[in-house]
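Reviewing the structure listed below.
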There are 2 protein chains.
Amino acid sequence: MPKGNCHGQGWWHGKFRGCGYRLTAGREAILDILSHEEGHLSADDIYIKIHPKYPSVGLTTVYRTLDVLSSLGMVYKLDFGDGRSRYEVAEGPKGAHHHHHLVCTRCNRIIDYTDFIDDEVELLNRTEKGLEKKYKFKITNHLIQFYGVCEECSGKA
Amino acid sequence: MPKGNCHGQGWWHGKFRGCGYRLTAGREAILDILSHEEGHLSADDIYIKIHPKYPSVGLTTVYRTLDVLSSLGMVYKLDFGDGRSRYEVAEGPKGAHHHHHLVCTRCNRIIDYTDFIDDEVELLNRTEKGLEKKYKFKITNHLIQFYGVCEECSGKA
DNA sequence: ATTATAAATGGAAATCATTTCCATTACGTG
DNA sequence: CACGTAATGGAAATGATTTCCATTTATAAT
Ligand SMILES: [Mn+2]
Ligand SMILES: [Mn+2]
Ligand SMILES: [Zn+2]
Ligand SMILES: [Zn+2]
């Protein structure tokens, strides 16, 4: 169990407790999948992955847990236009891994990118400050996605 | 009928024709609502607004038309997290009115903003160029939204 | 450890936006 | 005006998410 790994066991136990939520097997399982699996999973994806090991965790609970996690800011709920919500763990306490997305409108492939993030974040911070002042709007989050056609899809005429 | 107004009558007739689409009363009505009404309308919103004047236009046609418009790039399909898609006319030929959104996570209010757009667009162009090269990804569009709490919702403790 | 309490659960049923189907209508070329 | 085909509407299907409610379970108090 690596020292710096915040997703390993239970850094989030405290967060749950602190907010008055109880720790349950289902929640543990779901957070575990989210932190160890790559990609952008739908509720059903998660349900399927969990089911063999935890057959007692129902799809309803997956949805409910994702809501909780998302309201705690531990998970991002994303929409890539394929008709279902997809989820990914937010950065751990370290704040690392911040990234945005390229979305292929042909095949729905998603590419995470972190390039240019520094510039983007710098501008975002400036923009957010300005917007907060002008619109008296407390910004907590942002979403940036680029849409287009991926390399594979370009090939297919 | 103002001269510079591209949404007035039929600048899009040509676009439709050119792509092999037929002009129908329904399409005209829908595009008319979208270009003259403020805000971010859902398919159902549009259906309701159109119905009194064009009772013969069905909800299915509204969806179909929005798909076409959106595939032609004349309309943006947006998701603000309230469970339905919302639409707004893309900029006319003039290229004006480009804007992004602030989304209140409490009351779902949407604020259009154009401030800082210049800076943003400048960075976006740079970023897009870099991403296109690195990922061989042809970018056609981008989505930028800030989430947070609006002034009204802040008041309510 | 036992108990009490409210939170959490699963599974079936409900909801609701969007899509599919298909018989009918109507745009636009000639 | 007639024809071929795109477009339509309305009902039914779909599919993700939510709601309901009787049952289970985590946790704090005894
Ligand atoms: Mn990602
Ligand atoms: Mn807008
Ligand atoms: Zn693709
Ligand atoms: Zn608000």
Side-chain angles (χ1 to χ4, degrees), chain A residues 10 12-31 40-72 74-87 108, chain B residues 10 12-33 40-72 74-87 108:
Chain A
W12 48 273
H13 284 210
K15 191 148 194 173
F16 257 84
R17 286 283 180 56
C19 299
Y21 292 106
R22 295 177 178 180
L23 293 174
T24 66
R27 287 173 175 174
E28 211 138 358
I30 291 164
L31 203 43
H40 309 89
L41 303 170
S42 67
D44 201 60
D45 289 341
I46 294 169
Y47 173 72
I48 303 264
K49 285 204 187 282
I50 281 179
H51 199 252
K53 218 175 183 180
Y54 303 85
S56 74
V57 175
L59 180 55
T60 307
T61 290
V62 174
Y63 275 106
R64 271 185 301 228
T65 300
L66 289 170
D67 267 359
V68 171
L69 290 171
S70 158
S71 77
L72 290 180
M74 301 169 64
V75 155
Y76 295 135
K77 183 180 187 177
L78 302 167
D79 171 70
F80 296 125
D82 68 343
R84 75 209 63 193
S85 295
R86 298 188 168 273
Y87 303 83
N108 258 290
Chain B
W12 48 273
H13 285 210
K15 192 149 193 172
F16 258 82
R17 288 283 179 57
C19 299
Y21 292 106
R22 294 179 181 179
L23 293 174
T24 66
R27 287 173 175 174
E28 208 138 359
I30 291 164
L31 202 43
D32 187 58
I33 289 288
H40 308 89
L41 303 170
S42 67
D44 201 60
D45 289 341
I46 293 169
Y47 173 70
I48 302 264
K49 285 203 187 281
I50 281 179
H51 199 253
K53 218 175 183 181
Y54 304 84
S56 74
V57 175
L59 181 56
T60 307
T61 291
V62 174
Y63 274 107
R64 271 184 301 228
T65 301
L66 288 170
D67 267 0
V68 171
L69 290 171
S70 156
S71 78
L72 289 180
M74 301 170 65
V75 155
Y76 295 135
K77 183 179 187 178
L78 302 167
D79 171 70
F80 296 126
D82 67 342
R84 74 208 63 197
S85 294
R86 297 186 169 274
Y87 302 83
N108 257 290

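Below, chain A is the first sequence line, B the second, and so on; all start at residue 1. Bear in mind the structure is a predicted one, so any value in this text is a computation, not a measurement. Side chains included, hydrogens not; waters and symmetry mates left out as well; all remaining heavy atoms used.
In this structure, the separation between CG on L66(A) and OG on S71(A) is 11.0 Å, given to the nearest 0.5 Å. Note that the CD1 atom of I50(B) and the CG atom of D45(B) stand 11.0 Å from one another [nearest 0.5 Å].
The heavy-atom pair separating R84(B) from D79(B) by the smallest distance is O-OD1, 4.4 Å. Contact detail for A43(B) and L59(B): the closest heavy-atom pair is O-CD1, 4.0 Å.
What separates CD of E28(B) from C1' of dA7(D) is a distance of 15 Å, to the nearest Å. For the pair L23(B) CG and dG28(C) P, the computed distance is 5 Å after rounding to whole Å. Per the geometry, CG belonging to L41(A) stands 13 Å off P belonging to dT17(D), to the nearest Å. Rounded to an integer number of Å, the gap from D82(A) CG to dT19(C) P is 12 Å. Per the geometry, CZ belonging to F16(B) stands 13 Å off C1' belonging to dA6(D), to the nearest Å. One atom, CZ of R86(A), and another, C1' of dT17(D), lie 15 Å apart when rounded to the nearest Å. Rounded to whole Å, the distance from OH on Y47(B) to C1' on dT8(D) is 13 Å. For the pair D44(A) CG and dT18(D) P, the interatomic distance rounds to 14 Å; values are reported in whole Å.
Using a 4.0 Å cut-off, no side-chain N or O of S56(A) falls inside it from OP1 or OP2 of dT9(C). For dA7(D), the OP1/OP2 oxygens have a side-chain nitrogen or oxygen of R27(B) closer than 4.0 Å. The phosphate of dT9(C) has OP1 or OP2 within less than 4.0 Å of a side-chain N or O from T24(A).
Side-chain contact of S70(B) with D67(B): a donor-acceptor pair under 3.5 Å is absent, judged by distance alone.
Taking the six-membered ring for Trp and thresholds of 30 and 60 degrees, F16(A) and W12(A) have ring planes more than 60 degrees apart, a perpendicular arrangement.
With the nearest nucleotide of DNA chain C identified for both A43(B) and R17(B), A43(B) has the one nearer the 5' end.
No contact: G26(B) has no heavy atom under 4.0 Å from any strand. Residue S42(A) is out of contact with every strand shown, counting any heavy-atom pair closer than 4.0 Å. Among the protein residues, R22(A) comes within range of the nucleic acid bases, having at least one heavy atom under 4.0 Å from a base atom.
Residues from residues 59-70 of chain B lying near DNA chain D, meaning a heavy-atom separation below 4.0 Å, are T60(B), T61(B), R64(B) in numerical order.
A donor-acceptor pair under 3.5 Å links the side-chain atoms of R27(A) to the main chain of R22(A), judged by distance alone.
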